[in-house]
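All figures in this text were calculated on a predicted structure; none of them were measured in a lab. Positions are given from 1 along the sequence.
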Amino acid sequence: MLTIPNLISMIRIPLVFVFLSQNLFARIVAILLASVSDFFDGYLARKFDQTSRFGTVLDPIADKFFVIVVLCVFIKEGKISYPELCAMLCRDFSVILFGVYLILTKNFGRYHFRSIWSGKISTALQLCVLMALTCNVTIPTYLYSIFVALGVAALVELYLSDHSFIPTELRKNKS
């Protein structure tokens, strides 16, 4: 489904190529546009009732693509270490782990995908850290532990936030 919010999400994909330049201004603009587009795609989708399963999947894929490519550039440039990279992607590991859980329990198709607060916070923090690293600001080590905590929170939030995929009979038995 091609809607304005989905087109805004897709903007983040070519922004990667803008970031790949060695130009500091271009990199800052790429991160700013990625941040703004990440906010507005979801906002506009909800405001104009243009939410869709496609958009729900496209938005985080565009986010991850942008963030992962930028992080790989920073690994190559020596601006972050592999443990810092793993910490920043902790929430994403949690989402993958939850997806595996849904597949193993045969509930993937019934799960209602939606954004979670720990994910929104994690993405905003990721984009702030990417901006700081672009501007050669040293990130304190403790900040990376926040990403780990957000990863754990994401796993808990995903599990607790929506049990609509659990058959009614099981929900009644758990009460």
Side-chain angles (χ1 to χ4, degrees), residues 1-45 51-100 113-155 157-158:
M1 172 184 253
L2 215 47
T3 62
I4 298 295
N6 289 345
L7 288 172
I8 291 172
S9 291
M10 287 183 211
I11 287 172
R12 286 191 291 284
I13 295 168
L15 284 175
V16 162
F17 299 104
V18 174
F19 188 86
L20 290 175
S21 78
Q22 295 294 319
N23 183 297
L24 178 63
F25 180 75
R27 285 183 169 190
I28 290 170
V29 167
I31 292 173
L32 286 174
L33 288 176
S35 300
V36 169
S37 70
D38 186 39
F39 171 77
F40 277 110
D41 59 0
Y43 172 76
L44 292 174
T51 58
S52 66
R53 189 168 177 102
F54 176 71
T56 304
V57 172
L58 174 65
D59 178 45
I61 287 174
D63 288 342
K64 297 311 147 254
F65 180 72
F66 183 82
V67 168
I68 288 171
V69 170
V70 171
L71 287 172
C72 288
V73 168
F74 287 155
I75 284 281
K76 183 179 178 267
E77 293 176 352
K79 291 187 176 189
I80 62 169
S81 66
Y82 284 105
E84 292 166 339
L85 170 85
C86 290
M88 287 187 70
L89 296 176
C90 214
R91 180 266 323 256
D92 304 300
F93 297 140
S94 293
V95 170
I96 291 167
L97 182 62
F98 186 70
V100 169
F113 291 92
R114 61 188 185 88
S115 61
I116 55 174
W117 282 105
S118 54
K120 289 180 178 294
I121 294 167
S122 185
T123 299
L125 187 58
Q126 281 176 335
L127 291 167
C128 289
V129 168
L130 295 180
M131 183 62 80
L133 290 169
T134 298
C135 296
N136 294 316
V137 174
T138 303
I139 306 300
T141 306
Y142 71 84
L143 190 59
Y144 292 103
S145 62
I146 294 172
F147 285 110
V148 175
L150 286 168
V152 172
L155 196 54
E157 188 176 357
L158 284 166

Are Leu127 and Phe66 close enough that some pair of their side-chain heavy atoms sits under 4.5 Å apart? yes

Say you draw a straight line from [atom1] of [X] to [atom2] of [Y]; how long is it, rounded to the nearest 0.5 Å?
{"X": "Leu125", "Y": "Ile146", "atom1": "CG", "atom2": "CD1", "answer": "6.5 Å"}
{"X": "Ile96", "Y": "Leu155", "atom1": "CD1", "atom2": "CG", "answer": "12.0 Å"}
{"X": "Leu2", "Y": "Ser52", "atom1": "CG", "atom2": "OG", "answer": "10.0 Å"}
{"X": "Asp38", "Y": "Gln126", "atom1": "CG", "atom2": "CD", "answer": "9.5 Å"}
{"X": "Thr123", "Y": "Leu130", "atom1": "OG1", "atom2": "CG", "answer": "10.5 Å"}
{"X": "Leu7", "Y": "Leu44", "atom1": "CG", "atom2": "CG", "answer": "11.5 Å"}

May I ask you to decide if Ser118's main-chain N or O and Glu157's side chain share a donor-acceptor pair within less than 3.5 Å?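 Judged by distance alone, yes, a pair lies under 3.5 Å.
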
Can you tell me if Arg91 uses its side chain to pair, donor with acceptor, with the backbone of Gly119 under 3.5 Å? yes

Sequence neighbours left out, what passes side chain to side chain donor-acceptor pair (under 3.5 Å) with Ser9? Give chain and number order. Asp41

Taking only residues two or more places apart in sequence or in another chain, which ones pass side chain to side chain donor-acceptor pair (under 3.5 Å) with Ser94?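 Scan of Ser94 (side chain to side chain donor-acceptor pair (under 3.5 Å), adjacent residues dropped) gives none.
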
Kindly write out the residues that satisfy ring pair (Phe, Tyr, Trp, His ring centres under 6.0 Å) with [X], not counting sequence neighbours, or none if the list is empty.
{"X": "Phe93", "result": "none"}
{"X": "Phe147", "result": "none"}
{"X": "Phe65", "result": "none"}

Does anything in residues 12-40 pair up under ring-ring contact (aromatic ring centres under 6.0 Å, His included), and if so which pairs, sequence neighbours excluded? Phe19-Phe74, Phe39-Tyr43

Residues that Ala149 engages under side chain to side chain contact (heavy atoms under 4.5 Å, CB included), provided they are two or more places apart: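 Testing Ala149 for side chain to side chain contact (heavy atoms under 4.5 Å, CB included), a comparison that skips the adjacent residues, returns none.
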
Which residue pairs pass the salt bridge (Lys or Arg N to Asp or Glu O under 4.0 Å) test when at least one of the two sits in residues 20-31, sequence neighbours left out? Arg27-Glu77

Enumerate the residue pairs fulfilling salt bridge (Lys or Arg N to Asp or Glu O under 4.0 Å) with a member in residues 61-75, sequence neighbours excluded, ordered by first and then second residue.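 Found Arg12-Asp63, Lys64-Asp92.
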
Are there over 12 heavy-atom neighbours, none belonging to Leu20, within less than 6.0 Å of that residue's CG? yes

Which heavy atom of [X] sits nearest to which heavy atom of [Y], and what is that distance?
{"X": "Leu158", "Y": "Phe98", "answer": "O-CZ, 3.5 Å"}
{"X": "Leu58", "Y": "Asn6", "answer": "CD2-O, 3.4 Å"}
{"X": "Asn23", "Y": "Ala26", "answer": "OD1-N, 2.9 Å"}
{"X": "Ile139", "Y": "Leu143", "answer": "CG2-CD2, 3.5 Å"}

Can I get a per-line list of side-chain donor-acceptor pairs under 3.5 Å for residues 83-90, giving both atom names and the distance, sequence neighbours left out?
unit_1: Glu84; atom_1: OE1; unit_2: Ser81; atom_2: N; d: 2.8
unit_1: Glu84; atom_1: OE1; unit_2: Ser81; atom_2: OG; d: 3.3

Taking only distance into account, with no hydrogens and no angle test, what donor-acceptor pairs under 3.5 Å do side-chain atoms of residues 29-36 form with protein atoms, sequence neighbours excluded?
unit_1: Ser35; atom_1: OG; unit_2: Ile31; atom_2: O; d: 2.9

Pair listing, side chain to side chain donor-acceptor pair (under 3.5 Å) test, anchored in residues 131-152, at least two apart: Lys79-Asn136

